[in-house]
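All residue numbers in this chain count up from 1 along the given sequence. Atoms within a ligand are numbered from 1 in the order they appear, just like the ligands themselves.
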Amino acid sequence: MTLHDFAHGLPKAELHLHLEGTLEPELKFELARRNGIELAERTVDEVVATYDFTDLTSFLAVYYPAMQVLVTADDFRDLAYAYLTKAASQGVRHAELFFDPQAHTSRGVSFDTVITGYRRGIVEARRDLGISAELIMCFLRDFSAEYAMATLTDAIRYQDWIIGVGLDSDERGNPPEKFAAVFARARQAGFLLTMHCDIDQVGSIDNIRTVLTEIEVDRIDHGTNIVEDPALVDLAIEKGIGFTTCPISNSFVTDDMKATEIVDLLRRGAKVTVNSDDPAYFRGYIGDNYAALADRGELSPADLAQIARNSFEVSWISDRRRQELLTEVDAYFASHQ
Ligand code: ADE
Ligand code: ZN
């Protein structure tokens with residue numbers, strides 16, 4: 001068996017996945033047709049030709065306009081179901097999925113439409129494929145803290161369906177402290193907390209410090225610039241903080257996969273995980289990310305199994321389910337020796 005096949009079949013959790021970032025061109029055309037929306041591009045190749053990103057900002061400029069085709073609860077259901085089907089085929093046993101309600105409420109689609117559709121996709125995928133999934137609601141950091149607070153109030157109405165809250169979109173000029181009060185309130189309401197600390201941002205290391213020591217998140221999304229401050233790495237390890245890294249995404253929004261930083265953190269014992277971020281745009285799902293990192297970072301099957309174990313260790317699941325899934329990793333590894 002090749003390392004690529006081993007990586008794809010390995011039981012794993014996906015912890016950094018934007019549902020809106022799984023909109024493949026084919027589904028985009030289908031939803032546009034269903035909703036009577038005229039698109040600028042006529043073919044899949046024409047859509048993919050617009051995926052010419054040099055940084056996070058240029059990616060987001062393509063990402064948000066594409067969402068106009070998502071209108072009804074069925075559309076959101078179909079998006080989640082299609083992603084979970086693909087994920088299950090690459091070894092994902094559990095997924096914690098980001099969604100961006102403000103990318104929809106800001107254009108007139110209701111919070112209820114978005115969440116009832118996504119929830120239905122998750123329930124149906126669990127029934128049909130045995131994959132478990134939870135939702136993490138992200139605030140868009142380039143909108144105001146007041147809008148985030150109002151969105152949190154919406155989320156509290158659906159608390160049984162949302163396990164945690166996160167922060168995404170453009171980090172430039174939008175540091176974590178802008179949302180300190182929103183995250184304090186979210187924690188008080190019982191949500192788990194995570195935040196994006198995107199790669200090579202101005203002030204990356206200061207933002208990572210704030211997120212760890214002031215906001216006191218449970219996980220960090222990306223966050224590999226932490227290697228710039230060894231004392232902070234020690235603190236993250238002591239706290240058992242999970243890092244949800246996304247190698248292929250990194251190579252799109254910077255000029256590097258950041259394999260050196262990811263492997264450095266892994267070797268030091270940080271709870272590094274590997275994920276796919278926005279796989280429809282970065283053209284790689286989670287198995288592809290494991291395989292790409294293994295190639296670039298010279299990782300062994302044992303290293304990949306450690307990353308998969310980390311993914312379940314920092315998942316927001318019951319201890320019973322965690323043990324069940326860790327046992328699956330061990331059995332898979334043992335049977336592929
Ligand atoms: N929204 C979708 N993908 C993102 C990323 N990688 N960083 C920040 N915001 C995002
Ligand atoms: Zn992300």
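- For ligand 1, the atoms closer than 4.0 angstrom to any heavy atom of Leu56 are 5 (C), 7 (N), 8 (C).
- Of all atoms in ligand 1, numbered sequentially from 1 with element shown, those under 4.0 Å from a heavy atom of His196 are 5 (C), 7 (N), 8 (C).
- For Asp198, a nitrogen or oxygen atom sits less than 3.5 Å from a nitrogen or oxygen atom of ligand 1, counting backbone and side chain alike.
- Close contacts of ligand 1 with His222, meaning ligand atoms under 4.0 Å from a residue heavy atom, involve 6 (N).
- Annotation: Asp100 places no N or O atom under 3.5 Å from an N or O atom of ligand 1; distance criterion only.
- Backbone or side-chain N, O or S atoms of His18 reach the Zn ion (ligand 2) at under 2.8 Å.
- Under a cut-off of 6.0 angstrom, the local environment of CZ in Arg42 is sparse, with at most 12 non-hydrogen atoms contributed by other residues, nucleotides or ligands.
- Put simply, Asp277 gets within reach of the Zn ion (ligand 2), with an N, O or S atom under 2.8 Å from it.
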side-chain contact (heavy atoms from CB on, under 4.5 Å) assessment of Asn250 paired with Asp256 | CA-CA 6 Å; Asn250 294 346; Asp256 190 60; over 6 Å; no

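- Ser249 places no side-chain N or O within 3.5 Å of a backbone atom of Ser276 that could act as its donor or acceptor partner.
- Residue His16 has no N or O atom closer than 3.5 Å to an N or O atom of ligand 1.
- Between Phe59 and Asp55 the shortest side-chain heavy-atom distance does not fall below 4.5 Å.
- With ligand atoms numbered from 1 in the order given, ligand 1 contributes 2 (C), 3 (N) to contacts under 4.0 Å with heavy atoms of Phe59.
- Within a 6.0 Å sphere centred on CZ of Arg172, heavy atoms belonging to other residues, nucleotides or ligands number 12 at most.
- A heavy-atom separation below 4.0 Å is not found between Gly21 and ligand 1.
- A cation-pi arrangement is found for Arg77 relative to Tyr81, the charged atom lying closer than 6.0 Å to the ring centre and inside a 45° cone about the ring normal.
- Those atoms of ligand 1 that come under 4.0 Å of a heavy atom in Asp278, given as number and element, are 2 (C), 3 (N), 4 (C), 6 (N).
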Hey, mind stepping through Lys271 and Ile241 against side-chain contact (heavy atoms from CB on, under 4.5 Å) and telling me if it holds?
-> CA-CA 6 Å; Lys271 296 283 176 210; Ile241 297 291; over 6 Å; no

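- No more than 12 heavy atoms of other residues, nucleotides or ligands shown are found within 6.0 angstrom of CZ on Arg296.
- Every atom of ligand 1 with a heavy atom of Tyr63 under 4.0 Å away is listed here by number and element: 1 (N), 2 (C).
- The existence of a salt bridge linking Arg34 and Asp75 is confirmed by a sub-4.0 Å separation between a basic side-chain nitrogen and an acidic carboxylate oxygen.
- Scanning all protein heavy atoms for the shortest distance to atom 9 (N) of ligand 1 gives Ser169 N, 2.8 Å.
- Checked against a 6.0 Å centroid threshold, the rings of His196 and Phe98 count as neighbours.
- For residue His222, no N/O/S atom approaches the Zn ion (ligand 2) to within less than 2.8 Å.
- Remark: minimum distance from atom 6 (N) of ligand 1 to any protein heavy atom is reached at Asp277 OD2, 2.8 Å.
- Nearest protein heavy-atom contact of atom 4 (C) of ligand 1 is His18 NE2, 3.6 Å.
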